[in-house]
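The next block holds one structure in the form of structure tokens; read it before the comments.
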Amino acid sequence: LMAEYVTEGGRLSVDTQTGYVLALRHRLWRDHGTMTDDFRRRLQRDAYEIRCGFTGAPLLISTLLDHGMVDEAYRMLLSWDYPGWLYEVRSGATTIWERWNSLEEDGRVSDTGMDSFNHYAYGSVCHAVYTRIMGLRCLEPGWKRAEVAPKIRGQIPWSEIRLETVSGTWFVSWRIHQDGTFSMRVCVPEGCEAEIELPDGEAEDRPREVVGPGVHTYTYRPGRDWLHPFGEDPASWREGYFSFTDRPLGFILSRLESYYGVRITATDPGLLEYRFTGVSICSLISENSMMSLIFLSISACVMPRIEPFM
């Protein structure tokens, strides 16, 4: 398999989202960094649209989270656009469909056939939500040992999960507070153990703590402020411009879009000027380079006026 699908330089010969998902899922790489970098570029070229079906989509989010691409996972999971899980929510769904377009935007049922409105395939994304984002995963049969290792970002500021098992009730709740601190509460049943990995934001792989039965609480300030990626106080942005000389335009736009849930549209493709509620990004970019000086101007108290696109 390695000789057939991975070049000597570590490139995957099947340059598709599903190709990367399966390769990473089954540890089919020569160099992990090369594989994940290429996957990121594939997602960028795909404009972060889901372009995989029953084989890749159920594993997409968990694979991204497992291999350090947490920002990308959140962006694709929480996209309101078609194709996507929240497109279905925007369309009034309370269950996950068999097809991305089982219900058309005009409200008609798709004529493609086999249109289940409650289907396991794309619904399998819930496994990633429970085990990676909420952070509770079974390590031994009967839930005698479990992992608590949430992968968090500011788009989902709190989570709570309770699970009844043959070994007792497991409970995990966590919250990102407005002051930037993070708190988590873990309840471990009698006779069980938990491996706890606290999210930091700078080092994704932190030492794990093994705890026994009882209630365990944690409160601390991580190395990254997930709720305020551009600064804690919007009032401090009132005057002047912020320049990001070491970041590509796509990086800045993706952070703004994924953190604040706004649709970004180009008002002048030639100038590459992007405008949306309360925010203006102007960038003069050379034809062959995405590296540029980017100006970001945000007035005070603008954040409450930014609304999710629905």
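Side chains are part of it too, since the values below use all heavy atoms of this structure and drop only hydrogens, waters and symmetry mates.
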Say whether V129 and V89 are linked into one hydrophobic cluster, either directly or through other cluster members, by side-chain heavy-atom distances under 4.5 angstrom.
yes

For residues L78 and I156, report the shortest heavy-atom separation together with the two atoms involved.
CD1-CG1, 4.2 Å

Give a yes or no on whether the backbone of S173 and the side-chain of S159 come within a donor-acceptor separation of less than 3.5 Å.
no

Does any part of the side chain of V21, heavy atoms only, come nearer than 4.5 Å to the side chain of F39, both counted from C-beta?
yes

salt_bridge(D15, R45) N-O dist < 4.0 Å
yes

Taking the side chain as C-beta and beyond, is there a heavy-atom pair between P58 and Y120 under 4.5 Å?
no

Is any side-chain N of the basic residue among D71 and R75 closer than 4.0 Å to the acidic one's carboxylate O?
no

Taking the six-membered ring for Trp and the single ring otherwise, decide whether the centroids of W158 and H177 are under 6.0 Å apart.
no

Side chain R221, main chain D179, donor-acceptor under 3.5 Å:
yes

Partner of M69 by side-chain contact (heavy atoms from CB on, under 4.5 Å), out of T63, L24, I61:
L24

How far apart are the C-alpha atoms of M35 and L12, what are their side-chain angles, what is the distance that settles it, and do they pass the side chain to side chain contact (heavy atoms under 4.5 Å, CB included) test?
CA-CA 7 Å; M35 185 74 72; L12 188 65; 4.1 Å; yes

Non-hydrogen side-chain atoms of N118 and I96 separated by less than 4.5 Å
no

Could you tell me if H127 and S62 have a donor-acceptor pair between their side chains, going purely by distance under 3.5 Å?
no

Which atom names give the shortest non-hydrogen contact between W174 and M134, and what distance separates them?
NE1-O, 3.4 Å

Go through the steps for L163 and T169 under the test side chain to side chain contact (heavy atoms under 4.5 Å, CB included), then give the verdict.
CA-CA 6 Å; L163 181 65; T169 302; over 6 Å; no

So, does H119 use its side chain to make a donor-acceptor pair with the main chain of D115 at under 3.5 Å?
no

Taking the six-membered ring for Trp and the full ring for Phe, Tyr or His, determine whether the centres of Y87 and W80 are under 6.0 Å apart.
no

Residues R175, E160: salt bridge by 4.0 Å N-O rule
no

Do the side chains of V125 and L60 get nearer than 4.5 Å, heavy atoms only?
no

Among T18, D46, T16, which residue meets the side-chain contact (heavy atoms from CB on, under 4.5 Å) test with C52?
T18

Side-chain donor/acceptor of S79 to backbone N/O of M76, under 3.5 Å:
no

More than 12 heavy atoms from other groups under 6.0 Å of OH on Y130:
no

Can a side-chain donor-acceptor contact be found between E209 and Y218 if the only test is distance below 3.5 angstrom?
yes

Between F171 and V186, is the side chain to side chain contact (heavy atoms under 4.5 Å, CB included) condition met? List the steps.
CA-CA 6 Å; F171 176 84; V186 180; over 6 Å; no

Non-hydrogen side-chain atoms of C192 and W170 separated by less than 4.5 Å
yes

Gap between atom CG of L77 and atom CD of E72 - 0.5 Å precision
13.0 Å

Return the NZ to OG1 distance between K151 and T131, rounded to the nearest 0.5 Å.
10.5 Å

Side-chain (E197) to main-chain (A149) donor-acceptor, under 3.5 angstrom:
no

For residues Y74 and I133, determine if any side-chain heavy atom of one lies less than 4.5 Å from a side-chain heavy atom of the other.
yes

4.5 Å side-chain heavy-atom contact, R27 and H32
no

Is the backbone N or O of A93 less than 3.5 Å from a side-chain atom of S91, with the two atoms forming a donor-acceptor pair by type?
no

If the threshold is 4.0 Å, N to carboxylate O, is there a salt bridge linking E195 and R145?
yes

Would a distance-only check, ignoring hydrogens and angles, find a side-chain to backbone donor-acceptor pair under 3.5 Å from R30 to V6?
yes

Could you check I196 against L198 for side chain to side chain contact (heavy atoms under 4.5 Å, CB included), going step by step and ending with a plain yes or no?
CA-CA 6 Å; I196 296 180; L198 298 174; 4.0 Å; yes

Heavy-atom nearest pair, W100 first then A57, reads CZ2-CB, 4.1 Å

Verify the neighbour count for atom OH of Y5: are there more than 12 heavy atoms of other residues, nucleotides or ligands below 6.0 Å?
no

Q17 (side chain) donor-acceptor with E49 (main chain) under 3.5 angstrom
yes

Ring centroids only, cut at 6.0 angstrom: are F54 and Y122 within range, meaning strictly under it?
yes

